[in-house]
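As the structure is a computational prediction, the values presented were derived from the model and not from experiment. Per chain, numbering begins at 1; letters A, B, ... match sequence-line order.
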Amino acid sequence: MASVSSQPQFRYTQPPSKVLHLRNLPWECTEEELIELGKPFGKVVNTKCNVGANKNQAFIEFADLNQAIAMISYYASSSEPAQIRGKTVYLQYSNRQEIVNNKTTADTAGNVLLVTIEGDEARQVSIEVLHLVFSAFGFVHKITTFEKTAGFQALIQFSDTETASSAKNALDSRSIPRYLLPEHVGPCSLRITYSAHTDLSVKFQSHRSRDYTNQYLPVAPSAIDATGQLSVGVDGKKMEPESNVLLASIENMQYAVTLDVLNTVFSAFGPVQKIAMFDKNGGLQALIQYPDVQTAVVAKEALEGHCIYDGGFCKLHLSYSRHVDLSIKVNNDRSRDYTVPIHGGMIQSSILGQQPPGGGPMQGGNAPPPYNGGQYPGPPPPSGGWAPPQHMHMQMPMQNYQYNMQPGHGATPPGPPGTMPPGPMHMQNPPGMPPYSQ
DNA sequence: AGCACA
């Protein structure tokens, strides 16, 4: 009934085609072997091997029909059959006129990378860690993560193809540094290809996706707990609730860390509203308040474990405070409310880089060693699997935010999303202030 | 030993 097909699936004499169908091939025969076989008769423009249930069929496409005819004719009258690896290969004209290329292996470079995180506990890799790793090559615009059959994957969006390529070249098939992973997590390696995407759609900041160009993007309801704070890690487990207030403790404080130094360091990520410094357990601690959680998250990510001064001095350890709004009673050298103008304009001048009283760390005879731009931040890389990018120093945002305290002006809002220049990030040391690095 | 892939 339904057997009245005008084109039977095959006949014993196919009309000529520049595509040849090959069968009885040795298992998993290579493209090269097919090209070798067809080359004497003409230009092989395409091949497809490992076709069929047994993967023992293949196609060869010639540039010209006459070349295909030449090959068929030759073997039709030859005493020696066509052979690959000593095995007789049967060939005939294909019933198709061209090989459709499903090979995506020649993936075209783009600004978005598809990253597969391989490893038994790949899901433990947080979006923050991915951000940190890929930020070494340039500003990361957006990240989305998802589960596919391939495993735990992420799409990482850069400004441009060049930046994405440099990240891909440096990181593909390498492992995430151990020190970036929780202690119990085993090795996680990265497989990177280009994605066809050019601009990811990120609706919310969540444990699965981030848009770093839009700090005011709403936080996903699923990532907010009863206290209104982000409390979910990428693996869904509870983590330290994020807060707009950071608690900084300073280790190895060889040089004075003043309110102004802290303000400068933390203002790089957004407007600092308030700072309170205090001594605890013989060390210095400070609470730094931002207007929003996202800014604090970015600052914490970028600064955690890094040193204010070169040489391992004044190493910062950051955690989220339980505070939401600091109560600053008095503006002095240990506490400051930058949102409340005071007479005399003292605050503005100090924000803009005035040296701390008594000489800043960069002044005097005991200035810290100069910033070493090429220095690698963080602990030494673990042996094997990881080449630190040349410019993987401090992760800095592309904009410096400062409150404009002049009368009649509100706080200076950050620039619109997408204004960040492409390319790797570089330290921007405020004038007069000490550089900071690992 | 007889025509794939999305």
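Nearest-nucleotide assignment on DNA chain B puts the 5′-proximal partner with Asn56(A), out of Asn56(A) and Glu98(A).
For the pair Leu20(A) CG and dC3(B) P, the computed distance is 15 Å after rounding to whole Å. Residue Leu22(A) contributes atom CG, which lies 14 Å from atom C1' of dA4(B) at whole-angstrom precision. Between Asn50(A) atom CG and dC3(B) atom C1' there is a gap of 15 Å when expressed in whole angstrom units. If you measure from atom CD of Glu61(A) to atom C1' of dA4(B), you get 13 Å, rounded to the nearest angstrom. Rounded to whole angstrom, the span from the CG atom of Asn46(A) across to the P atom of dC5(B) amounts to 15 Å. For the pair Asn24(A) CG and dC3(B) P, the interatomic distance rounds to 13 Å; values are reported in whole Å. Atom OH of Tyr93(A) is separated from atom C1' of dC3(B) by 16 Å (rounded to the nearest Å). Rounded to a whole Å, the CD atom of Gln97(A) is 13 Å from the C1' atom of dC3(B).
Among residues at least two apart or in separate chains, salt bridge (Lys or Arg N to Asp or Glu O under 4.0 Å) pairs with a member in residues 187-200 of chain A are Glu118(A)-Arg191(A), Lys142(A)-Asp199(A). For residues 63-77 of chain A, the set of pairs meeting the salt bridge (Lys or Arg N to Asp or Glu O under 4.0 Å) definition, not counting sequence neighbours, is empty. Pairs of residues two or more places apart, or lying in two chains, that qualify as salt bridge (Lys or Arg N to Asp or Glu O under 4.0 Å) and include a residue from residues 75-92 of chain A are Glu33(A)-Arg85(A).
One side chain, His317(A) or Glu251(A), offers a donor N or O that lies under 3.5 Å from an acceptor on the other.
Applying the side-chain contact (heavy atoms from CB on, under 4.5 Å) rule to Val51(A) yields the partners Lys48(A), Gln57(A), Phe59(A); only residues at least two apart in sequence or on another chain are considered. Remark: Glu147(A) engages Arg123(A), Phe152(A) in a side-chain contact (heavy atoms from CB on, under 4.5 Å) (not counting sequence neighbours).
Within residues 64-91 of chain A, the residues that place at least one heavy atom under 4.0 Å from DNA chain B are, in residue-number order, Tyr90(A).
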